[in-house]
Amino acid sequence: QVQLVESGGGSVQAGGSLRLSCVVSGYSDSSFRMGWFRQAPGKEREGVASIYIVYSSPYYADSVKGRFTISLDNAKKTVSLQMNSLKPEDTGRYYCAASDRPTFGLSVLAENLYNYWGQGTQVTVSS
């Protein structure tokens, strides 16, 4: 059974940085796509970044492009999200997700593409 465990959340002032990590276990299919999502209070969950394990090709939401970096460490089975120049609007609960589904035209940041989810880690950015 696939399990995802996030860590690295916390509180930081605007302009600061945080690094989130997600350890993945229980899978044998190397064609997984990994993603990071976030949900602010009262808002829908939104995709932030995605990366395809086979090609390590990243994709970002416009709101985080140039500030966030998603990366893989296949040896450690870990996907990380480096978040720089954080803004108060980046506040939310961040979730790691994995997908073994074909995209079939779905955006790689579409929530319904992903079928495995972690419990999330809170990120709070103060102004």
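Computed from a prediction, not measured in an experiment: that's the story for all the values here. We count residues from 1, following the sequence as given.
A donor-acceptor contact shorter than 3.5 Å is absent between the side chain of Ser85 and the backbone of Gly15. A donor-acceptor contact shorter than 3.5 Å is absent between the side chain of Tyr59 and the backbone of Tyr52. Judged by distance alone, the side chain of Thr121 and the main-chain N or O of Gly9 form a donor-acceptor pair under 3.5 Å. The closest donor-acceptor contact from the side chain of Arg93 to the backbone of Gln39 lies at 3.5 Å or more, if one exists at all. Judged purely by atom type and a 3.5 angstrom limit, Glu6 uses its side chain to pair as donor or acceptor with the backbone of Gln119.
Here the CZ-CG distance, from Phe32 to Leu72, works out to 12.5 Å after rounding to the nearest 0.5 Å. Here the CH2 atom belonging to Trp36 is positioned 8.0 Å from the CD1 atom belonging to Ile70, to the nearest 0.5 angstrom. Atoms CG and OG1, on Leu20 and Thr78 in that order, are 12.5 Å from each other to the nearest 0.5 Å. Taken from CZ in Arg45 to CZ in Phe37, the straight-line distance is 7.5 Å, to the nearest 0.5 Å. Once rounded to the nearest 0.5 Å, the distance linking OG of Ser99 with CG of Asn115 reads 5.0 Å. In this structure, Ser21 OG and Leu81 CG are separated by 9.5 Å, a value rounded to the nearest 0.5 Å.
For NZ of Lys43, the number of neighbouring non-hydrogen atoms (other residues, nucleotides, ligands) closer than 6.0 Å is 12 at most. Open room surrounds CD on Gln13; 12 or fewer heavy atoms of other groups in view lie less than 6.0 Å from it. When the shell of 6.0 Å around OH of Tyr116 is examined, it contains more than 12 heavy atoms from other residues, nucleotides or ligands.
Considering all non-hydrogen atoms of both residues, Ser63 and Arg38 come closest at OG-NH2, 3.5 Å. Heavy atoms only, all atoms of each residue included: Ser71 and Ile51 are closest at CA-CD1, 4.4 Å. Shown here for Ala61 and Gly47, the closest heavy-atom pair between the two residues is CB-O, 3.5 Å. Considering all non-hydrogen atoms of both residues, Cys96 and Met34 come closest at SG-CE, 3.8 Å.
Looking only at atom types and distance, the side chain of Thr69 has no donor-acceptor partner in the side chain of Tyr60 under 3.5 Å away.
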Legend entry - Derivation of the side chain to side chain donor-acceptor pair (under 3.5 Å) call for Arg19 and Gln82: CA-CA 4 Å; Arg19 185 177 181 87; Gln82 177 67 40; 3.2 Å; yes

Inset, instruction - Test side chain to side chain contact (heavy atoms under 4.5 Å, CB included) on Leu106 and Asn112 and set out the steps. - result: CA-CA 9 Å; Leu106 286 173; Asn112 56 356; 3.9 Å; yes

Legend entry - Derivation of the side chain to side chain contact (heavy atoms under 4.5 Å, CB included) call for Leu18 and Leu86: CA-CA 8 Å; Leu18 284 172; Leu86 282 162; 4.1 Å; yes

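Screening residues 75-88 for salt bridge (Lys or Arg N to Asp or Glu O under 4.0 Å) gives no qualifying pairs among residues at least two apart or on separate chains. Residue pairs meeting the salt bridge (Lys or Arg N to Asp or Glu O under 4.0 Å) criterion with at least one member in residues 115-127: none, sequence neighbours excluded.
Aromatic ring orientation, Tyr95 versus Trp117: perpendicular (interplanar angle above 60°, classes split at 30° and 60°).
Between Asp100 and Arg33 no salt bridge is recorded (no basic side-chain N to carboxylate O distance below 4.0 Å).
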